[in-house]
Amino acid sequence: MSLTTPRADRLRAVRRAWYRFRRNPAAVVGLAMVLLVFVVAIFAPLVAPFPEHVGGFVDFRNRHQPPSWTHPFGTDNAGRDILSRVIFGYRISLTLVVFVLGLAVPFGVLLGLLAGYYGGWVETVIMRLTDVFLAIPALVMALAITAALSPTLLNSMIALALLWWNWHTRLIYTTVASLKHEEYVEAAKVAGASDFHILFRELLPNCVSVISVKTTLDAGFVILIGAGLSFLGLGAQPPTPDLGTMVSSGANYLPEYWWGSIFPGLAILFTILGFNLLGDGLRDLLDVEVN
Amino acid sequence: MSGNLLELNQLSKRFPVRKGLFQRVVGHVNAVDGVDLTIGRGEIVGLAGESGSGKSTVARMIVGLLTPTEGTVTFDGEDVSKQLGTLAFKRRVQMVFQNPGSSLNPRRSVADALKVPLRVHGVPSSTWAERIRSLLEMVELPATFAQKYPHELSGGQKQRVAIARALAVQPELIVLDEPTSALDVSVQAKVIELLLRIRDELDLAYLFISHDLSLMRNFSDRVGVMYLGKLAEMGTSDDLFLRPQHPYTQGLLASIPVVSEAEEALKPTQRHLKGEIPSPANVPSGCRFRTRCPHAFDACREVAPTFHELSATHASRCHLHDPALAGSAEPTKA
Amino acid sequence: MNTVQIFGTIDPAKVTDYTEYMAAANLYDGLVDVDETGAIVPLLADSWEVSDDAKQFTFTLKDGATFHDGSPVEASDVVYSVRRLLTIDQGPSYLVRDVLDVDGVQALDNNTVQFTLSEIFSPFLTTVPLMFVVNEEVVEANAVDGDWGQEYLNNNAAGAGPYMLDSWTRGSSMTVKRYEDWHMGWHAEAIDQVRWLVTNDEATVRSLAAAGDLHMTSQYQSNETYDALANSGNFRVVEEPTATGFTLKLNTKVAPTDDVHVRRAIACAMDYETIREFIFPSDPMAGPLPPSFGDAVLDTIEVAEYDLDCAREEMAQSKYAGQDNIPISHLYVANTPFEEEIALMFDAVFTELGFDVTLMAEPWNLITEMATDVNQTPNVNQIFFGPTYPSADSMLFTQYHSDAAGTWASMEWLQDEQVDSLIDQARRTADVSEQNELYQQAQARIMELQPNAFLGLQTVRHAMDNCLEGFRYVPMQSFDYNFSNYSWTCN
Amino acid sequence: MPDDAPLLSVRDLRVSFRTFDGQADVLQGVNLDVPRGTRVGLVGESGCGKSVTMKTIMGTLATPPARVTHGQIMFDGQDLLTMPAARRNRLKGTDMSMVFQDPTTSLNPVFRVGHQMEDIVRWSDRRRGIQRNHKARKARVLEVLEMVRLADGERIYDAFPIQLSGGMRQRIIIGMALLNEPRLLIADEPGTALDVTTQDEILRLMDDLVREEGLSLLMITHNLGVVRQMTDHVYVMYAGSVVEDSPTAELFDNPSHPYTKALLACVPKLDGTATYEGIGGSLPDYTDPPAGCRFHPRCPHATDRCLTRPPAFTVRPGHTAACWLHEPEAHA
Amino acid sequence: MEYLFFVVRRLLWSVVVLLGLSIVIFTIARVVPGDPARIALGPLAAQEQVDKLRTEMGLDAPLPVQYARYAGGLLQGDLGRSLLTQQSVNSDVRQTFPATLELVLATLILALAIGLPLGVLAGRYKDSLFDNLGRFVALFGVVTPSFFIALLLQLLAGYVLQILPVSGRLSPNLEFEANRTGLLLIDSLIAGRMDVFGDAVRHLILPTIALAAATIGQIARLTRSSMIDVSRKDYIEASRAFGIPNRITTFTYMLRPSFIPTLTVLGLEFASLLGNAFLVEMVFGWPGMASYGVRAIMQNDFNAVMGVVMVTGLFFVLINLVVDVLLGYVDPRIRIKGSQS
Ligand SMILES: Nc1ncnc2c1ncn2[C@@H]1O[C@H](COP(=O)(O)OP(=O)(O)OP(=O)(O)O)[C@@H](O)[C@H]1O
Ligand SMILES: Nc1ncnc2c1ncn2[C@@H]1O[C@H](COP(=O)(O)OP(=O)(O)OP(=O)(O)O)[C@@H](O)[C@H]1O
Ligand SMILES: [Mg+2]
Ligand SMILES: [Mg+2]
């Protein structure tokens with residue numbers, strides 16, 4: 001136990017984490033994939049070969065062109081460049097993720113904290129509510145809600161946000177229910193700390209790794225379910241380039257014009273895979289139990 | 001007895017036991033059942049007893065983590081059972097937990113941990129840094145430790161931080177719930193030494209909970225032995241270790257593995273205890289120790305024994321001390 | 001044959017959509033039938049007479065017609081059926097409910113039925129084919145609590161039509177088989193059995209065809225499917241022009257399509273040729289009435305052409321001239337690729353013209369819902385409309401008359417007094433040429449108001465097995481799928 | 001094979017772990033002998049390598065991250081480390097056995113006690129080439145249950161571990177270890193998870209059984225009192241090597257190594273004569289251990305000599321200490 | 001006894017969950033913009049017709065009254081009447097549910113048959129080539145959208161190789177009515193119609209694979225990690241130390257305890273399996289409850305939507321009850337102590 005400065009220690013801890021992360025090649029690949037998707041989405045207008053094909057654009061004389069150098073992914077039924085639309089499609093997917101998780105995670109975490117910490121009727125009410133939401137597939141519920149609100153991208157995001165909190169609530173609830181018996185929580189109580197302090201300063205920081213791993217994994221699944229919704233026609237509406245919608249409208253032209261469906265599908269797969277590899281890597285790194 | 005810092009009067013705690021289709025309350029665990037205990041200023045009182053005997057429950061009631069079902073906690077002449085949660089009281093009574101690993105939040109630095117009581121009890125924030133430094137100094141840790149996180153500390157160091165945290169608001173009583181049971185003997189010795197030094201410096205009183213009787217012998221002025229929620233025997237260290245009266249105390253002492261012949265000679269020659277501790281949810285009738293007691297006789301089954309004052313400082317809860325009842329049974333030799 | 005929708009009900013008093021009428025047309029017969037020219041021809045009735053005031057219609061039943069259970073078709077059955085239709089009041093009854101009540105239909109004797117209308121309604125005769133005749137005894141025997149046998153007819157058929165219900169799995173298939181004693185008799189190559197398969201996608205259609213399990217596709221397949229089937233060698237694609245118009249209905253009551261110049265701009269800015277050639281194969285359509293309505297058609301109307309300059313000019317004259325990002329909404333039926341393509345095309349052109357286009361894809365029944373409220377009706381609506389009964393009235397009244405406003409057929413919300421009065425007059429005129437004159441005036445007025453962009457006349461296309469013959473377009477609700485008119489030419 | 005050769009003999013055992021911080025040389029040449037029919041103790045503070053030693057002997061150490069870099073483990077004259085895995089497994093199933101520390105985690109919670117015990121009999125039978133049917137095997141299980149003083153064997157046979165108390169479970173674990181009639185019993189802190197009185201009872205029972213069955217016992221613990229009560233000979237371990245070994249009584253009377261002395265001094269005494277000096281400093285970091293004697297940074301007697309690793313010097317017959325203080329010349 | 005109480009309590013609780021679900025879904029259904037009466041009558045109906053039907057359907061009553069009526073019906077197992085098929089939702093569900101059940105059961109069986117051994121072996125031979133391969137396969141199963149797998153399978157097996165039918169449940173030329181259990185595979189065997197059986201199996205293959213992929217992945221991953229967790233337990237070390245052969249240790253002593261978390265999560269994962277069924281049924285034109293549900297949702301057939309959601313919820317709850325019972329069988333800790341909450 002040599003004497004070191006706290007900063008050097010901290011640095012060492014970060015290096016150690018990165019070292020452990022790096023030893024998991026899958027996680028590194030996942031990180032790279034996620035970063036790639038983010039970069040491509042952010043700089044979409046610069047990256048996409050035909051950015052104008054994304055909005056109101058049709059060229060029916062060029063419909064269903066097979067993949068070529070000009071159109072690496074081919075063109076769709078309105079003669080639009082599929083690659084460009086995929087690239088812009090990532091914007092939609094990521095917006096979906098950010099919106100849904102941005103709303104659902106804080107809300108779910110808060111409920112989970114309250115239920116786990118207070119127990120009693122607070123727990124009963126919150127956890128039974130999550131049971132109700134659990135009893136029905138997210139996709140089905142999202143379908144029902146989206147259809148009820150009329151199918152638009154915003155509505156499907158709202159529907160998913162309305163459903164997603166319960167997973168985080170459950171996770172945080174179990175985590176907190178076991179953490180609250182930790183002696184450090186009791187120690188804080190003995191010191192006179194308020195519930196607020198205990199919830200947000202003592203318990204929440206200990207949920208961060210669980211939350212971040214779960215959120216990373218969820219990002220993939222939000223995209224998955226979002227794609228499912230738009231596959232059924234309840235997501236973003238044309239001409240917005242949504243990946244799920246592209247797969248489903250491309251499916252009308254299978255098998256001859258397979259590229260219209262396959263490339264957007266692979267693009268979805270790519271993101272979800274990226275988020276999952278990253279999430280799995282983080283889970284190993286932070287050594288937490290999710291699920 | 002009015003000079004006592006802390007008085008427990010018939011303190012009891014029952015936990016409901018739920019069962020059946022609708023999880024109705026079908027009974028109670030009498031975790032603590034009518035405990036009387038006093039601690040004077042600057043005194044170290046030990047509480048011994050095996051797992052599940054209710055030691056921690058007593059501790060948690062004293063610091064206000066649990067509310068007693070019955071009985072009172074009097075602190076400095078004031079009945080605080082109803083206001084266990086108040087800040088003024090909390091400042092004066094602190095607690096150090098068993099496990100140094102889990103009593104510090106892994107996500108918060110040493111300084112963060114020490115700031116909690118300071119903030120809560122209204123210490124002006126300008127003085128915090130200074131205060132933290134002097135607290136660390138008091139527990140013999142370098143000031144640089146303020147920025148460390150628990151995982152960077154050894155067990156003994158963590159326990160020192162926990163002690164520093166308890167000292168932060170200048171309490172008068174610290175409840176130590178098995179503070180060294182997770183530590184190696186060599187580390188334990190250092191922590192115990194530290195506790196004793198601080199007691200002398202600050203004139204603190206300790207309630208010391210442990211099932212290590214050898215440690216108890218050395219550390220405490222007076223010791224109580226608990227069995228299934230009740231005090232079985234209470235006396236000064238000498239009373240208890242040189243003249244154990246309750247068969248349970250005797251059995252307990254006989255079970256201690258010791259390292260020298262000298263100690264071996266001090267152990268009661270009594271037969272070893274057999275069998276398991278009954279469940280506190282289903283306490284035996286009469287004397288709760290009778291199921292394992294080598295001297296049990298008929299009366300033990302029917303009548304719950306009361307405390308017999310054997311001297312001014314020594315009391316034991318056993319029918320053997322009652323000549324009327326123990327007539328038939330052979331009395332123990334001291 | 002495949003269908004893309006499921007059969008909801010087969011109760012002739014409740015059928016509403018194309019698929020349901022298709023089932024009813026095969027299982028049931030009415031008093032009269034419609035041929036491909038739109039003429040009314042005898043079916044269960046041999047002959048009929050119209051009173052001078054055009055309010056009384058008397059039908060004489062033919063002899064020897066029997067229901068599927070063998071019992072004879074009698075006047076009482078007809079009366080029962082019509083009363084049932086009017087009482088349940090859910091299916092085709094909307095056509096006549098205003099002019100006919102339950103006492104308006106009487107059996108004069110065992111084989112004479114008389115209808116008495118409360119006011120003159122010249123197209124009445126053309127609605128009679130939709131009054132399918134049910135077997136009174138069977139229905140009543142199975143009725144519960146005077147429900148007119150609704151529960152029973154929901155799942156069973158009790159008609160006198162050419163085919164009898166054989167098996168029916170809702171959501172997947174329905175099979176009907178020939179009723180050997182059908183009163184019209186059978187020709188040698190007649191179809192024995194018809195099975196409709198409900199399909200959800202093109203892939204299924206193609207694989208069914210490849211496996212030899214499909215001999216005729218629905219009219220709603222994609223170009224690719226037709227091509228693929230035609231290339232397979234076993235199929236040919238049969239095209240028939242129809243009287244069904246595919247139009248953009250422009251809501252005349254909400255901005256910016258409340259301005260006739262904007263509407264004309266829209267009419268100028270559609271690339272009709274591309275649509276007809278690449279997106280939705282169809283015939284040119286000039287005005288509100290398809291050419292098949294013969295003398296009623298105003299033949300001076302020219303077919304519109306794609307002309308962006310014209311569109312710009314019209315825009316310049318409109319009250320929205322000079323504005324940018326004028327919001328305009330465009331509605332089409334969700335999950336119909338060609339409609340989506342037209343919508344995309346619209347989007348591309350009108351974004352260019354300075355509009356802020358919102359595309360709305362909705363399921364059909366939501367569209368019908370939106371149509372009931374003028375403010376919920378989008379500016380531009382892609383709608384198919386064909387005659388439900390073979391009369392120009394069906395085209396004009398249903399789409400353009402104020403009384404018909406609030407349905408999907410009249411999403412223009414035209415509500416023009418002049419048009420209304422012309423249509424009303426025509427309805428009350430028994431004289432045909434006078435009537436045609438009125439219809440032509442109405443068309444002229446409508447063209448002036450330009451409530452539509454006429455994209456084209458649907459050519460209905462089916463891929464049909466080379467051995468299957470007999471598809472003819474009939475200007476009446478699914479009557480072209482009466483399989484007794486089809487034949488199997490191979491052995 | 002001479003009969004006086006020890007049953008188990010560990011020679012210069014070295015084990016390393018691969019960690020982020022580099023290679024951790026945990027065992028640094030452990031030597032210990034378990035003579036036939038004796039009870040040998042291995043004591044030392046937490047983290048000194050007791051369990052690693054035991055796991056290496058039993059062959060349950062996870063490799064990687066661990067690696068045995070050097071040494072011999074002779075059992076009955078055969079080297080466990082070099083023999084084929086199958087032979088070693090055979091020995092495990094027959095001649096060696098162990099008692100685990102924690103009775104709550106060492107029994108499989110989802111199988112009946114009888115099932116678990118009978119399986120052990122079945123496989124040890126197979127290894128020995130014995131044919132026994134279910135009834136005979138069950139009889140053997142019941143016999144052992146009686147041996148460990150569990151009345152009501154039939155009920156316990158059909159019980160799941162959760163239905164039994166900690167003390168009973170610990171007895172069952174001891175019983176399992178005895179089922180295949182081993183010659184060597186290794187016990188890693190048995191019963192420390194139990195109450196003092198129960199633990200005491202278990203230890204006494206084990207002691208009786210070892211004597212009755214004529215077993216050799218290797219007892220691993222950090223409790224010096226337990227060692228004193230249970231063993232004939234003790235090895236004291238510090239940071240991966242044995243620093244002192246001696247007949248038990250002798251060790252407590254005459255501790256020789258400074259570490260042993262300091263450790264004994266730390267143990268609170270029942271006579272109230274404890275000193276609270278403790279041992280300064282802490283256990284070294286295995287990835288960067290001090291050169292020479294690993295105890296020297298904490299040793300009050302440390303000199304430059306200590307930078308070289310001391311061999312085990314004989315203090316008295318049968319009593320050695322690895323400390324330069326006991327170098328014969330130094331004594332002289 | 002405690003265990004029985006535990007199961008009964010779960011059962012009672014399930015009823016409450018379903019009731020809660022009915023409130024949620026009722027609320028959602030009632031904000032649907034469509035007018036149910038209008039939907040039922042079709043687009044050309046006159047307004048008076050619509051109003052008449054509204055009153056008949058009880059849509060004029062205040063919402064709580066409507067809910068009370070609906071819930072009353074629910075308790076008697078009456079799901080109301082579908083607007084589109086004009087028949088009771090019960091009979092629609094009765095017609096479509098067996099198809100879904102058949103698909104889902106086949107999926108579960110396939111997923112367990114592949115996922116479990118995959119997980120066990122991967123966990124047993126951690127970090128081996130097989131492990132890495134297995135993890136890769138499992139990961140892809142989990143992350144690939146089921147509809148995409150479905151499309152790929154259709155493309156590959158249906159068009160390119162042309163070996164399997166890509167749509168429907170039975171070739172339309174086969175006349176067969178599954179009227180005993182509704183499950184084609186079973187009914188055809190009972191009827192001795194091997195042709196039907198073979199055809200049904202061929203139709204079942206692709207949808208089952210598409211639906212099972214994610215579940216296989218989940219099971220394999222879970223089993224693998226719980227195998228690894230369990231392999232670190234003291235009792236496994238003990239079993240090895242007592243000389244039980246590795247093979248027995250792995251397949252007996254490790255497998256059963258590692259199955260517990262797998263089973264628990266499998267119960268919860270069942271919801272996403274049902275969700276995926278909605279997509280897969282659509283792609284393969286599987287005439288099941290999910291296709292029925294999607295159609296109902298798309299067309300705002302509110303009674304049908306509520307019916308499908310309720311039945312789905314019921315199915316989920318039932319499966320979890322089965323899981324609870326199985327858990328009690330696998331894990332005596334649950335059976336003996338009963339479990340809290
Ligand atoms: N929150 C609770 N709910 C129910 N029973 C409890 C609760 N807390 C403690 N008990 C029960 O009360 C009894 C006394 O527990 P307590 O923790 O006070 O014992 P202890 O003497 O501190 O034991 P140990 O030495 O194991 O710490 C035990 O039987 C325990 O199971
Ligand atoms: N798998 C491992 N990877 C890295 N280091 C390990 C591993 N297992 C043990 N060690 C290290 O080996 C050293 C000795 O561990 P061991 O478990 O033998 O101690 P012990 O003497 O049994 O202690 P205790 O009394 O706490 O059981 C410890 O410092 C530990 O960190
Ligand atoms: Mg305690
Ligand atoms: Mg150990």
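A note on names: the letters A, B, ... follow the listed sequences, proteins ahead of strands, and every chain is numbered from 1.
Closest non-hydrogen pair, A:Ser209 versus B:Arg107, comes out as OG-NH2, 3.6 Å. Contact detail for A:Glu183 and B:Ser102: the closest heavy-atom pair is OE1-OG, 3.3 Å. A:Ala187 and B:Arg165 make their closest contact through CB-NH2, 3.2 Å (heavy atoms, listed as atom of the first residue, atom of the second, distance). The nearest pair of heavy atoms linking B:Pro106 to A:Tyr184 is CD-CE2, 3.5 Å. What you find for B:Val120 and A:Gly192 is that their closest heavy atoms are CG1-O, 3.1 Å.
A:Ser194 places none of its side-chain heavy atoms less than 4.5 Å from the side chain of B:Arg119.
B:Val93 touches chain A through its backbone: at least one of N, CA, C or O sits under 4.5 Å from a heavy atom, while the side chain does not. Residue B:Leu65 touches chain A through its side chain alone, counting heavy-atom pairs closer than 4.5 Å.
Sparse packing is recorded around CZ of B:Arg133, with 12 or fewer heavy atoms of other residues, nucleotides or ligands lying under 6.0 Å away. Within a 6.0 Å sphere centred on CZ of A:Phe43, heavy atoms belonging to other residues, nucleotides or ligands number 12 at most.
Between chain A and the options B:Gln94, B:Met95, B:Arg108, the largest number of non-hydrogen pairs under 4.5 Å is found for B:Arg108. For the options A:His197, A:Glu182, A:Glu186, A:Arg201, heavy-atom pairs under 4.5 Å to chain B are most numerous at A:Glu186.
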